[in-house]
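Lettering follows sequence order; numbering is per chain, from 1. Predicted, not measured: the structure shown is a model, and the values here were computed from it.
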Amino acid sequence: MSIARKSLLLHGGLLALLFALQFLLPAYHQGNLARVMVLASYAIGYNILFGYTGLLSLGHALFFAAGMYGMGLAIYQFGLSPAPALVAGLIAGLLVSAVVGFLALRTAGVAFMIVTLMFAQAGYLTILYYGAYTRGDEGFVIQQAQRVLWGIDLSDATNRYFAAWGLFSICLLLTLWLVQMPFGRVLIAIRENEERARMLGYDVFAHKLAAVILSGTVSAMAGAMYGLLFGYAGASFATVQYSIFPLLWVLLGGAGTVMGPLVGTLFMFYLIDLSSGITSAYMLIAGVVLVLLTLFAPQGLVGEWRARVWRWLP
Amino acid sequence: MTKDIKTPVGTSRRNVLKTIAGGAAASASIPLWARFAQAQTSEPIRIGFQVHRTGIGAAYGRWYDRTTMAAVKAINDAGGINGRPVEIIAEDDGTDPKRGAEVIEKFATQHKADVGFGTLFSHVVIGSAPRAGELKLPYFVVSEGHHVASGMLNRYTLQPGITDVKSQVQAMAPYVAGNLGKKVTMIFPDFAFGHDHRDYFTAAIEAQGGEVLAHIAIPPTETSFTKYFPKIPRDTEVIYHVMVGPAVLTFVKEMGEFFGPSHPAIFGFIDSLEAVDLGSPGLEFLENTYFWEGNPRYAQPDQSAFDKNYRAAIGVDNNGASISDPSDVSTYAHMFGCWETLYTIKDGMEAAGYQGPADRGKLIEAVEAITDMPHSNEHPQGAKLFNGKTHQVFGPQYISQVKGGRLDVVHTTSIEDGQYPDEVDYTKQAL
Amino acid sequence: MDFGPYLILASLEGAVTAAVLALTAVGLSLVFGVMRVVNVAHGEFFMLGAVLAWWVTSMIGGHPALGFGVALVLVPVLVGLTAAVADVTILKRINYDPERTIIATIGILYIIQQLTLMTYGPDARPVTPPFNTRLAIPWFEFGENGLQMYWPWGLSTTSYKLGVIGAAAAVLVGVWLLMVRTKIGLLMRATQLDREMALAFGIPVERVYAIVFGIGAGLAAMAAVLIVPIQQAHYLMGGDPLLLSFIVVIIGGLGSLPGTVVAAVLIGLSDGIISVFFSPTLAKILATLLVALVLVFRPQGLFGVKDA
């Protein structure tokens with residue numbers, strides 16, 4: 001069986017499993033999984049830039065929030081219905097990532113980290129500054145009545161799960177397709193050795209810009225969906241910690257793997273959930289896990305699996 | 001042939017032994033439920049407590065937790081709710097709206113809590129309320145925010161234990177204009193809570209014939225404040241200040257250092273000094289200045305028996321500090337909300353004849369029907385009036401003056417001083 | 001307040017910020033420059049310094065200057081040792097790989113922060129300054145008799161704030177002397193220039209790394225001890241210093257200590273002065289974008305050397 005078929009089967013199987021879990025899981029875990037799938041889509045967006053292109057951004061919360069507020073404000077201030085609002089979120093993400101990409105890609109390495117961080121901070125402060133429209137840090141509620149997409153009430157648990165699953169499937173398949181296309185391979189080449197890729201004649205800047213835009217837009221879609229599915233848009237989603245989360249999730253799960261983001265997000269979610277039942281200092285457990293992971297499993301969970309067991313894993 | 005002999009389930013020797021053992025173990029220690037012999041069901045009432053154990057709200061969360069546990073103990077010692085004991089299930093929300101919403105889900109779907117309760121910070125409330133509404137979980141917040149009464153939330157969110165900022169601020173204006181001065185400069189944090197102060201007080205003081213000369217908005221997480229004070233206009237008669245966060249003591253100290261020996265009248269909200277000892281060095285300049293207090297921190301000469309009882313239950317002395325550690329000052333102006341809210345939940349459940357989650361709608365209706373809350377052990381902060389339509393309670397506000405290093409109440413506002421027209425009628429929404 | 005006095009006040013406040021920021025950033029710059037790793041836990045060492053200062057001063061009663069003096073000497077050493085331990089146990093084992101160091105130091109960040117939460121608690125606690133008198137500052141204006149001195153309303157500082165500026169400057173000079181005049185400084189600079197060469201010359205690079213990591217954390221802790229009588233010690237106070245010191249180090253230029261100091265002064269002062277002209281939130285937005293744009297158009301920072 002060719003690698004392409006094997007990985008299609010594996011990932012298709014994963015999606016089918018997630019679909020089936022909707023009927024098997026108790027209500028609490030079903031709700032959690034819906035959340036995890038949307039956040040994992042955010043992580044997938046981040047993975048495109050970090051895992052595959054090798055660019056570490058500390059400002060992805062800007063894209064997540066751009067999508068969330070693009071969608072949220074469209075409904076809250078302009079009274080649009082969910083479908084055009086989601087498109088608005090997507091466009092917001094596209095524009096913001098294009099601008100940030102153009103500017104930030106003039107830097108590299110640690111300077112790139114700081115520049116993306118600064119843009120995200122500026123974005124957060126701008127949301128606060130225009131609090132008259134965005135309601136600032138408090139955020140605003142998107143009422144149940146406004147969250148009916150094509151006749152489907154998204155506040156219902158089942159519909160919400162399917163919507164999250166739909167988003168996640170699109171993102172997962174997108175990544176799977178990407179790594180097999182020449183575009184994706186050039187990104188990996190840039191990650192491995194940028195100079196060599198340039199010498200081979202590839203337009204490195206254009207590829208990196210495309211990666212930033214793709215990554216940012218996927219993250220924005222996740223943000224827009226999160227706001228729509230859970231009924232709230234707030235400035236706290238634009239803070240630094242929401243830029244650190246996808247980095248953690250991707251690193252834990254395995255940067256540069258297709259399944260890694262989901263595994264990492266799921267792992268962290270339940271780590272926090274379970275350890276908050278034991279102690280209020282649950283982030284301590286998270287910190288210890290991170291240190292242990294980086295000492296003994298630096299490629300992340302899926303990455304280590306790929307290195308040791310299934311070498312064909314994309 | 002032994003196969004055909006079917007032992008009826010439950011009467012096999014092993015099963016019988018198991019039940020006997022179970023019963024023996026259960027009666028070996030009298031569990032909580034057995035004390036409640038009159039109970040219709042001996043299942044505890046589960047209250048999901050959404051508490052800020054970590055994050056920026058953690059200092060408040062600690063005292064909210066303490067007050068909640070004291071109230072629950074008092075309720076259980078008196079026989080519980082409908083004869084059933086109250087059990088608190090606490091979950092940390094990290095003072096984060098995303099985690100807050102997840103915690104609400106956990107209460108409803110995993111812990112099978114009857115109600116959710118206890119949130120303070122507004123952005124967490126607003127982030128969590130939608131889920132509470134969808135899951136039809138009654139959500140009793142102790143937040144001071146105007147968001148409940150503004151109509152932004154849903155019929156399942158209520159605030160029956162603490163007054164909201166709009167009401168507090170409005171009630172202050174007459175006293176400030178009448179006693180301190182009519183030209184006010186406002187200093188407040190530059191986020192929604194501060195904006196509420198800005199908007200409502202400006203309107204209220206103008207209604208009293210005063211004016212706000214300058215609005216000085218300080219960015220959140222600011223740690224050094226001196227550079228903002230020069231913006232205070234020279235002809236200011238009254239400084240109005242409110243600040244939250246870990247830097248509040250720096251804020252007040254630097255204000256004192258800025259003014260030096262000559263300062264205008266100062267009216268602050270005790271938020272600027274919640275959990276801070278009034279005797280801290282650098283605060284001497286506060287002598288004779290005024291503060292809004294949600295609940296007077298220092299026991300007053302006319303202290304009610306209810307306040308005495310409340311302080312003793314929580315373990316707080318007459319200076320508002322922990323009995324076991326006098327340097328550990330409580331968040332006295334806010335935490336009473338937890339106590340009163342829990343008693344309101346009790347009243348609501350008893351009025352509704354609450355048996356279980358199927359009765360949540362009846363509970364909401366029963367609480368909406370509550371109007372007068374008399375000054376009592378259950379409501380030690382003062383008599384209150386609950387507005388069932390807006391889901392917001394109204395009560396007295398206290399204005400205190402710093403005298404000799406402690407706060408003495410000089411004026412108590414009436415409930416009418418803080419009332420404003422209804423902005424929503426939640427009772428018209430479907431349950 | 002009139003413009004002149006306002007500017008003076010903003011500059012004084014900015015100078016205090018710059019002093020503390022310079023110390024913290026120099027600590028980060030050392031680690032960055034010599035070890036080439038991003039220490040995301042740097043802000044937590046700062047916080048640890050403040051919390052331990054509170055702990056030391058509250059244990060030692062008597063005159064505040066006594067407790068503070070002890071804290072000023074003891075706390076940076078304690079924090080430095082903690083950092084050195086973290087380096088030897090964790091960072092060395094992952095070979096200072098940039099990505100893994102980021103994760104590891106994020107983990108260390110959470111560990112330090114949560115341990116502090118569990119022991120010290122979530123409250124913000126003050127530390128009494130060793131001396132603190134309000135100093136009114138005179139300004140000049142044209143009066144009836146020509147140029148006259150007067151005391152504008154509100155224009156003041158405190159003796160302690162001036163003390164902080166002086167102390168920070170002294171420590172910075174000390175660090176410079178250490179780097180330039182001592183053997184350990186020489187070893188550090190050699191390791192920074194060329195790690196392989198240094199190894200070849202028999203320099204115990206790993207030990208140098210542990211010392212550098214310790215000194216970096218110790219400087220941040222000292223900055224925190226200096227600022228804690230003005231601010232309070234709180235378990236979340238490490239976030240802002242981390243962000244700011246990163247900005248300062250990058251703007252100043254990687255591996256350039258003078259650049260770091262200049263950038264700290266610039267950023268510290270501008271934070272105060274910009275708020276004279278603009279509303280605070282807008283001022284922060286502009287400052288943040290300014291930093292980003294400086295980096296975009298001059299990625300090597302102000303004093304850094306552009307990579308060939």
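When each of C:Ile90, C:Leu293, C:Ile112 is checked for heavy-atom pairs under 4.5 Å with chain A, C:Ile90 comes out on top. Between chain A and the residues C:Leu109, C:Thr101, C:Leu243, C:Ile108, the most heavy-atom pairs under 4.5 angstrom are made by C:Leu243. Between chain A and the residues C:Val40, C:Ile94, C:Thr105, C:Val294, the most heavy-atom pairs under 4.5 angstrom are made by C:Ile94. In terms of heavy-atom pairs under 4.5 Å with chain A, the best-connected choice from C:Leu282, C:Val291, C:Asp97 is C:Leu282.
Residue A:Phe50 touches chain C through its side chain alone, counting heavy-atom pairs closer than 4.5 Å. For A:Leu56, the part lying near chain C is the side chain, with the backbone staying farther off; criterion is any non-hydrogen pair under 4.5 Å. Contact annotation for C:Val296: both backbone and side-chain heavy atoms come within less than 4.5 Å of a heavy atom of chain A. Looking at C:Ile285, both its backbone and its side chain come within 4.5 Å of chain A, counting heavy atoms on both sides. Only the side chain of C:Ile102 has a heavy atom closer than 4.5 Å to any heavy atom of chain A. With a 4.5 angstrom heavy-atom cutoff, A:Leu293 does not touch chain C via any of its atoms.
The CD1 atom of A:Ile244 lies 6.0 Å from the OH atom of C:Tyr110; values are rounded to the nearest 0.5 Å. Between the CE atom in A:Met118 and the CG atom in C:Leu295 there is a gap of 8.5 Å [rounded to 0.5 Å]. Here the CG-CD1 distance, from A:Leu117 to C:Ile247, works out to 7.0 Å after rounding to the nearest 0.5 Å.
Other residues, nucleotides and ligands contribute over 12 non-hydrogen atoms within 6.0 Å of the CZ atom of A:Phe205. For A:Tyr202, the OH atom counts as loosely surrounded, since its 6.0 Å shell holds 12 or fewer non-hydrogen atoms of other residues, nucleotides or ligands. Under a cut-off of 6.0 angstrom, the local environment of CE in C:Met118 is crowded, with over 12 non-hydrogen atoms contributed by other residues, nucleotides or ligands. The 12-atom threshold is exceeded at OH of A:Tyr270, counting heavy atoms of other residues, nucleotides or ligands nearer than 6.0 Å. Within a 6.0 Å sphere centred on OH of A:Tyr242, heavy atoms belonging to other residues, nucleotides or ligands number more than 12.
Residues C:Ile111 and A:Leu290 fail the side-chain proximity criterion, which asks for heavy atoms closer than 4.5 Å. Under the 4.5 Å side-chain criterion, counting only non-hydrogen atoms from C-beta, A:Phe119 is in contact with C:Leu289. A 4.5 Å side-chain heavy-atom check between C:Val38 and A:Met113 finds at least one atom pair inside the cut-off.
Closest heavy-atom contact between C:Ile106 and A:Leu247: CD1-CD2, 4.1 Å. Listed here is the closest heavy atom pair of C:Ala104 and A:Thr294: CB-CG2, 3.7 Å.
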